[in-house]
Amino acid sequence: MTMVVEPDAALRVMVRGDAFTEAEAGRIADRYVRVLETLAAAPDTPSHRVDLLVPAEHERLRRDRAEAVRPVPEVTVAELLADRAARRPDAPRSSRRRTSGSPTGN
């Protein structure tokens with residue numbers, strides 16, 4: 001993708017069709033325009049404050065995050081393992097035992 005700014009004219013975007021679809025090129029151009037508009041409106045804006053996402057992407061991220069939230073039980077790892085062992089009494093158990101106070105058995 002090549003972007004050319006022509007003085008006193010416009011922004012021209014040239015896209016290789018084998019590298020980007022028209023939709024992808026449009027999304028990249030939308031982001032670029034958004035950054036330019038933000039910086040033109042507030043030139044003192046620190047770069048880390050420039051929002052690169054378009055509104056639809058913010059909405060999708062909010063929706064995806066809300067769908068991904070799952071309740072986490074307030075139990076210890078030992079309690080989780082004991083519960084798992086109780087539900088699967090025939091599951092193989094680890095036969096490795098520590099022989100000294102160190103985690104590696106040395």
Side-chain angles (χ1 to χ4, degrees):
M1 175 177 287
T2 304
M3 295 187 185
V4 178
V5 178
E6 299 170 351
D8 298 322
L11 173 67
R12 185 169 37 134
V13 179
M14 295 174 281
V15 179
R16 285 184 28 208
D18 63 332
F20 298 98
T21 66
E22 188 173 330
E24 290 168 333
R27 284 192 296 272
I28 293 169
D30 288 347
R31 282 185 182 80
Y32 189 64
V33 167
R34 186 178 179 91
V35 168
L36 293 176
E37 288 172 345
T38 299
L39 295 176
D44 295 339
T45 303
S47 60
H48 71 277
R49 298 257 184 218
V50 177
D51 186 3
L52 299 178
L53 301 179
V54 294
E57 290 172 317
H58 280 289
E59 180 56 37
R60 191 190 81 228
L61 288 172
R62 278 191 289 277
R63 185 184 64 247
D64 291 352
R65 182 166 189 247
E67 291 173 3
V69 172
R70 300 284 185 262
V72 177
E74 299 235 1
V75 296
T76 66
V77 172
E79 291 169 325
L80 288 171
L81 292 172
D83 179 62
R84 175 87 177 223
R87 286 186 285 120
R88 298 184 59 200
D90 297 333
R93 304 274 190 260
S94 173
S95 61
R96 186 172 172 200
R97 304 257 188 241
R98 285 195 307 188
T99 57
S100 73
S102 74
T104 60
N106 295 328

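Grouped with Leu53 in one hydrophobic cluster are Leu61, the linkage being side-chain heavy-atom contacts under 4.5 Å among Ile, Leu, Val, Met, Phe, Trp and Tyr residues. Clustering of Ile, Leu, Val, Met, Phe, Trp and Tyr by side-chain heavy atoms under 4.5 Å joins Val35 with Leu39, Val50, Leu52.
With sequence neighbours excluded, no residue satisfies side-chain contact (heavy atoms from CB on, under 4.5 Å) with Ser47. With sequence neighbours left out, Glu79 forms a salt bridge (charged side-chain N to carboxylate O under 4.0 Å, His left out) with no residue at all. Among residues two or more places apart in sequence or in another chain, the side chain to side chain donor-acceptor pair (under 3.5 Å) test is passed with Arg87 by Asp83. Residues that satisfy the side chain to side chain donor-acceptor pair (under 3.5 Å) test with Arg27, not counting sequence neighbours, are absent from this structure. Applying the side chain to side chain donor-acceptor pair (under 3.5 Å) test to Asp30 and every residue at least two apart in sequence or in another chain returns nothing. Listed by chain and residue number, nothing satisfies the side chain to side chain donor-acceptor pair (under 3.5 Å) test with Asp64 (two or more places apart in sequence, or in another chain).
Closest approach of Ala40 to Pro43, counting heavy atoms only: O-CD, 3.9 Å.
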Can you give the donor-acceptor pairs under 3.5 Å from side chains of residues 65-75 to other protein atoms, not counting sequence neighbours?
residue	atom	partner	partner atom	Å
Arg70	NH1	Glu67	O	2.4
Arg70	NH2	Glu67	O	3.4

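A salt bridge (Lys or Arg N to Asp or Glu O under 4.0 Å) check over residues 36-51, counting only residues at least two apart or in different chains, returns the pairs Arg34-Asp51.
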